[in-house]
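In what follows, a single structure is set out as structure tokens and then discussed.
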Amino acid sequence: MRRYLWRKLGGFILTALLVSFATFFILQVLPGDPARLMLGTEGSPEAYARLRRELGLDGPLVVRYLQWFSNFIRGQWGNSWRYSLPVGELVRQAFPLSFALALSAVGTAVLTALPAGMYMAARPRSFSSRLLSMGTQLGLGLPQFWVGLLLIQLFAVQLRVLPSGGSGQWGSLILPTVTLALPRTAVLSRFLRAGMLEALEQDYVRTAKAKGVPQIRVFFKHALRNGALGGVTAAGVQFAQLLAGTIVVEQVFGLPGIGQLLLAGVFQRDLPLVQTVVMLVVLLILVFDLALDLCLGLLDPRIRYD
Amino acid sequence: MWKQMSRMAVFFLLIFALGSLAAAQVLNIAIPQDPDSFDPIQTVAAATSEVAFNIYEGLVKATPDGGVEGALATHWTVDQGGTKYTFYLREAYFHDGRPVRAADVVNSLNRARDPELAVRAGELSMIKEIRELEKAVEIELHEPHGAFIYALTEIYASIYPEGAEGLSRQPIGTGPYYLSEWRPNQHLELSRFDQHWSGQKPYFQQAVFLIIPDENSMVLNLKAGRVQLIPRLEVSVLHQVQGNAGIKVQASPMNLVQLFAVNNARPPFDDLRVRRALALGLNREEILLGAAWGEGAILDSALSPAMAGFYNNNLSDVNPYDPKRAKELLREAGQEGLRFTLTLPANYPLHVQTGELAAQQWEQLGLEVDLEIVEWGTWLERVYTQRDYDVSIIGLAGRLDPHAILVRYTTGNSRNFFNFSNSRYDELIELGLRAEGEERRAIYLEAQEILARELPGVFVMDPPQLAAMEEGIQGWLSYPTYVVDVAALYK
């Protein structure tokens, strides 16, 4: 167990370093100069030169990287160029929303996928199972921005029961949650169905059946624990992905989450903002990943940590 | 018991009435992105001046018809030589309660023309000295300058208290509204400033600018009643609001010059015949219909009809759609079958669409057009700065004064990314600064004609500015500059 943790930690640090390196240098190589973008089509050469100096863009690349990295570790994330606000504060404003959205979307997906997936596994050849399966296909295939717009049209414009966008109001997260949950439900229920079908064919299930354990108990106790493993991993990955923001859905619903922040930052080449946010998201995902690994161990004793 | 209940009822009714009253006085406005900075001498984004117009004021301000009227100055005088302006200040207060003093004006304008501090200092370089007088300010110019008074309407000439800090997030101005809250990517809340010098209280107590990046969502938000005004509706979603009960659209010229920039320094585009062929081969009527739903105005030169006082309306015959003549010109220049790259900025759907239509039309002349769609940062870097392109497309934002618009086509100007050069044109732009009245007008008419004939690029259109709003909203004013005048609106 300890060796496992050490190995994990090593991988953790290495990944973090690599990512910090990659984000820093990719942003540098991208065409598009931050100072130029801030000045637009009206800037003079003098203003441009001065701005570059102010932003500290004229130093050598490696020095700037080391400087940024050491500041990052010490928690000095600097000011966003785009918003002239501390990056930490921008993240603090955007993160709770992204977190709430990720939680509600994946939560909804899990709660819907669980019965749907199990039903499809229990009655694989029934008509309603096929209908559900078709539904999941649809959920996977529909583009999110379109679903989002459709939901706004229906619930906010026609029925006027839910807000058409923004955050902080009652019910403002319902439509984004549904939009995000739809494809995720589809994925999870398919994972669950496949996992359950596989588990139901295992020897230990047959043994349980043979020794007279009631059907229902076999299904929920013996098979589910194994059959759900794939689904749990998938849900974990989905959650981590959503923490990094959902650009499309945030745009459609006008939600000020991490995705919008990052997108605005990338378009403006707001280096302090983008680098810090990407780093934070990566660290979060790594931590989450570690936690997920440990959780899976609890579910499946076969996973050993040595 | 009854008494108590009726008292309760009255109480609730009162609350309800007050609530609906308060709700009626908030105006929600949809904009696609945050302003950059409210520091008047640092900002360059149009998205900022649109909002800041309500917060800051200068000595003078723009009027909807393109004129200039007093703001913090009641009136002004110019001496015989045309170089000494005296502005007489009115009694006014800043949002923080301090009175506006001549010293504040001197400080603000001196900072705005200091190249060490201000991004656009060059635009006030005609100023020689600013002197503080008793309740007045005297500004001396190096020489007479026709564009000076218009420059004072720009956001960089805004007046703020001397010694004010942190303006980029906390602007302190004298305008009819002050910024009461700003949540990035979410909203900007403007509240009415009741001590505004005009003594008039605008109808809306609060104006909330909501950030909604997606244009389809903007429309749905308007239909759902979450916003009451979209100042700049994308032309591509116009059909979604047209014919909608309860929503009206007011169209006006945007005073934006959309043109295909042609790299005049790069062969074969250094040959006027090739540039002319591109112009003659362009069916702008068709483009207007295809890309802008038939709204907007066709342009023949670098000024929009919105610049009524200076617009040359005799140029429509210079480059009519004539594919036959275009082909002849290409043959004469030995450039039949020319292959070139057309670079389009991805963040402007209108420009991309215009470019795609133009490419089809040019291909009918036998030309080969490679479309290249690039992101805005790349466009600024490659096309605008390095001038490494064949043909591209862009919209150049309008200003109040023709000089500010036309000067970018002069030889050697840092913003002349067309690499255009014409000595007579350069001369005219110089002369225009010293001339006045009818003489000045004649100079700019000739300058426009040169641009139409010599073609730094192919002028296309002034796209429509479409303001979509709830039926009940009244008082919308369209300006030749990028502003939303909240104080004029009522319900």
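In the text below, chain A, chain B and the rest are named by the order of the sequence lines, each starting its count at 1. Just so it is clear, the structure is predicted and the values come from calculations on it, not from any experiment.
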Does [X] reach the side chain of [Y], with side-chain heavy atoms less than 4.5 Å apart?
| X | Y | result |
| --- | --- | --- |
| A/Val252 | B/Asn216 | no |
| B/Val119 | A/Arg50 | yes |
| A/Leu37 | B/Trp376 | yes |
| B/Pro184 | A/Gln93 | yes |
| B/Pro213 | A/Gln260 | yes |
| B/Asn185 | A/Tyr83 | yes |

So for [X], is it side chain, backbone, both, or neither that comes closer than 4.5 Å to the heavy atoms of chain A?
| X | result |
| --- | --- |
| B/Ala118 | backbone |
| B/Leu220 | both |
| B/Ser168 | side chain |
| B/Pro115 | backbone |

With rounding to the nearest 0.5 angstrom, report the [atom1] to [atom2] distance, [X] to [Y].
| X | Y | atom1 | atom2 | answer |
| --- | --- | --- | --- | --- |
| A/Asn79 | B/Arg169 | CG | CZ | 9.5 Å |
| B/His187 | A/Ser167 | NE2 | OG | 9.0 Å |
| B/Thr385 | A/Tyr48 | OG1 | OH | 7.0 Å |
| B/Gln42 | A/Leu51 | CD | CG | 7.5 Å |

Locate the shortest heavy-atom distance separating A/Arg160 from B/Lys223; write the atom from each residue and the value.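 So the two residues come closest at NH2-O, 2.5 Å.
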By a 4.5 Å heavy-atom criterion (distance strictly below it), what part of [X] contacts chain B: side chain, backbone, both, or neither?
| X | result |
| --- | --- |
| A/Leu149 | both |
| A/Phe145 | neither |
| A/Arg82 | both |
| A/Leu261 | both |

message = If we define contacts as heavy-atom pairs under 4.5 Å, which of B/Asp214, B/Asp36, B/Asp34 has the most with chain A?
response =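 Going by pairs under 4.5 Å, I would pick B/Asp34.
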Out of B/Leu380, B/Ile212, B/Asn413, return the one with the most heavy atom pairs under 4.5 angstrom to chain A.
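The residue among B/Leu380, B/Ile212, B/Asn413 with the greatest pair count is B/Leu380.
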query = Is it true that a side-chain atom of A/Arg36 and a backbone atom of B/Tyr384 form a donor plus acceptor pair closer than 3.5 Å?
reply =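 No; judged by distance alone, with no hydrogens or angles, the pair does not exist.
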- Between B/Arg226 and A/Ala156, is there a donor-acceptor pair closer than 3.5 Å when you use the side chain of the first and the backbone of the second? no
> Salt bridge between B/Glu381 and A/Arg269, side-chain N to carboxylate O under 4.0 Å?
Replying inline: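 Judged by the 4.0 Å cut-off on N to carboxylate O distance, B/Glu381 and A/Arg269 do not form a salt bridge.
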Worksheet entry | Candidate pair A/Gln251 and B/Ser217, rule side-chain contact (heavy atoms from CB on, under 4.5 Å), full reasoning | CA-CA 8 Å; A/Gln251 293 242 313; B/Ser217 305; over 6 Å; no
**OP:** Report the option among A/Ser84, A/Gly254, A/Ser80, A/Pro34 that has the most heavy-atom pairs separated by less than 4.5 Å from atoms of chain B.
**Re:**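 Result: the option with the highest number of such pairs is A/Ser84.
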